[in-house]
**Q** 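One structure is given below, represented as structure tokens, and several questions about it will come after.
Indexing begins at 1, ligand by ligand and atom by atom, following the structure's order. No hydrogens, no waters, no symmetry mates; every other heavy atom, side chains included, goes into these values.
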Amino acid sequence: MNNIHPTFQKLITREKKEGKLKQRAKVFWFTGLSGAGKTTLAEALERKLFDLGYLTQILDGDIIRSGLNNKLSFTKNDREENIRRIAEINKLFINCGVITLCAFVSPTERTRHIVKDIVGADNFFEIFVSTPLEVCEHRDVKGLYAKARAGLIPNFTGINSPFEIPKNADFTIDTTVETVDECISKLTTKIVHLINY
Ligand code: ADP
């Protein structure tokens, strides 16, 4: 850290940027098993919020892992580094007044706490996509459950790596009982006052 002198937001503050965008920044964090519906819901929510006039940015596990974090593996250390970097990216968006919609398995309470600590509890809204393992495995959108069952993917969440149910989720969605439209409608009602300017 020698010779590094970060000067955050000296001239144009987050508040000024939020004023320009006429919105409040917030991190909406979707957690849940692979195939639970995180990406689908984040994308649908983005469309909805865009139509309502909000500026958002989606941050998605697969996209970040294939770009910025493509040298990181799924070991404990690399998972933590992955999540730390994602949290730091979120901080930049927040300071720019932009709402983020984040779709990451983030399987442990510790992982989610790391994000919450870095971005700040006030900026963080946790959405648990609680779709059960059987449903996710049946969907097997990316064919990963079949591979994991065949022993081809070590540390695959839900199969040979645990998923800890969030204890403090701000909102829970079970995609087995509601359509995407129903989920988004409920979620929008729940969050819109948090981002209204
Ligand atoms: P994840 O990002 O959690 O890995 P995806 O969004 O990639 O999950 O995949 C979820 C799958 O479940 C998609 O094929 C989607 O069409 C389907 N699905 C069915 N009902 C819902 C729902 N109510 N909400 C979200 N996804 C749903």
Side-chain angles (χ1 to χ4, degrees), residues 26-52 56-70 72-74 78-79 82-83 85-87 89-90 93 99-112 114-116 124-150 152-192:
K26 195 94 178 169
V27 174
F28 293 103
W29 188 269
F30 294 81
T31 175
L33 293 167
S34 176
K38 303 179 296 297
T39 303
T40 305
L41 293 171
E43 288 177 354
L45 183 61
E46 175 163 70
R47 235 170 286 129
K48 172 91 179 191
L49 294 182
F50 187 82
D51 289 345
L52 292 172
T56 57
Q57 174 66 48
I58 290 188
L59 296 167
D60 181 281
D62 289 340
I63 295 170
I64 299 281
R65 274 203 174 270
S66 59
L68 179 70
N69 289 354
N70 66 2
L72 297 180
S73 71
F74 286 86
D78 274 6
R79 278 183 191 243
N82 181 50
I83 223 74
R85 290 184 197 174
I86 289 160
I89 297 170
N90 269 289
F93 277 108
I99 298 154
T100 62
L101 310 175
C102 305
F104 296 94
V105 175
S106 45
T108 63
E109 289 283 63
R110 179 177 159 74
T111 311
R112 297 181 291 261
I114 290 172
V115 181
K116 199 170 180 172
F124 186 77
F125 188 96
E126 187 176 297
I127 301 158
F128 174 34
V129 186
S130 68
T131 316
L133 177 64
E134 310 78 70
V135 177
C136 297
E137 191 165 0
H138 180 72
R139 287 178 182 165
D140 209 3
V141 189
K142 300 163 199 154
L144 296 176
Y145 284 97
K147 276 193 188 168
R149 289 283 182 204
L152 300 174
I153 311 178
N155 304 324
F156 191 72
T157 305
I159 304 297
N160 40 24
S161 184
F163 181 88
E164 295 171 8
I165 305 296
K167 291 197 186 91
N168 299 306
D170 297 291
F171 195 67
T172 299
I173 301 176
D174 183 350
T175 68
T176 54
V177 290
E178 283 170 319
T179 65
V180 175
D181 282 352
E182 286 165 346
C183 295
I184 293 305
S185 168
K186 276 194 182 166
L187 186 54
T188 306
T189 305
K190 174 84 183 172
I191 66 165
V192 84

**Q** Could you pull out every donor-acceptor pair under 3.5 Å between side chains of residues 126-134 and any protein atom, sequence neighbours left out?
**A**
from, atom 1, to, atom 2, distance (Å)
Ser130, OG, Ile173, O, 3.3
Thr131, OG1, Ala36, O, 2.8
Thr131, OG1, Thr175, OG1, 2.7

**Q** Mind checking what residues have non-hydrogen atoms under 4.0 angstrom from ligand 1?
**A**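 For ligand 1, the contacting residues are Leu33, Ser34, Gly35, Ala36, Gly37, Lys38, Thr39, Thr40, Leu41, Arg139, Val141, Lys142, Thr175, Glu178, Thr179, Val180, Cys183.
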**Q** Evaluate side chain to side chain contact (heavy atoms under 4.5 Å, CB included) for Phe28 paired with Ile99, printing each intermediate quantity in order.
**A** CA-CA 8 Å; Phe28 293 103; Ile99 298 154; 3.7 Å; yes
**Q** Just to verify, what does Thr39 make a side-chain contact (heavy atoms from CB on, under 4.5 Å) with, not counting sequence neighbours?
**A**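 For Thr39 the side-chain contact (heavy atoms from CB on, under 4.5 Å) partners, ignoring immediate neighbours, are Glu43, Asp60, Ala103.
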**Q** Taking the six-membered ring of Phe74, is the NZ or CZ of Arg65 close enough (under 6.0 Å from the centre) and on axis enough (within 45°)?
**A**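 Pair Arg65/Phe74 counts as cation-pi.
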**Q** Test side-chain hydrogen bond (donor to acceptor under 3.5 Å, both in side chains) on Asp181 and Thr179; report intermediate values, then the result.
**A** CA-CA 5 Å; Asp181 282 352; Thr179 65; 5.5 Å; no
**Q** So, using side-chain hydrogen bond (donor to acceptor under 3.5 Å, both in side chains) as the criterion, who are the partners of Asn160 when residues are at least two apart?
**A**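 Here no residue qualifies.
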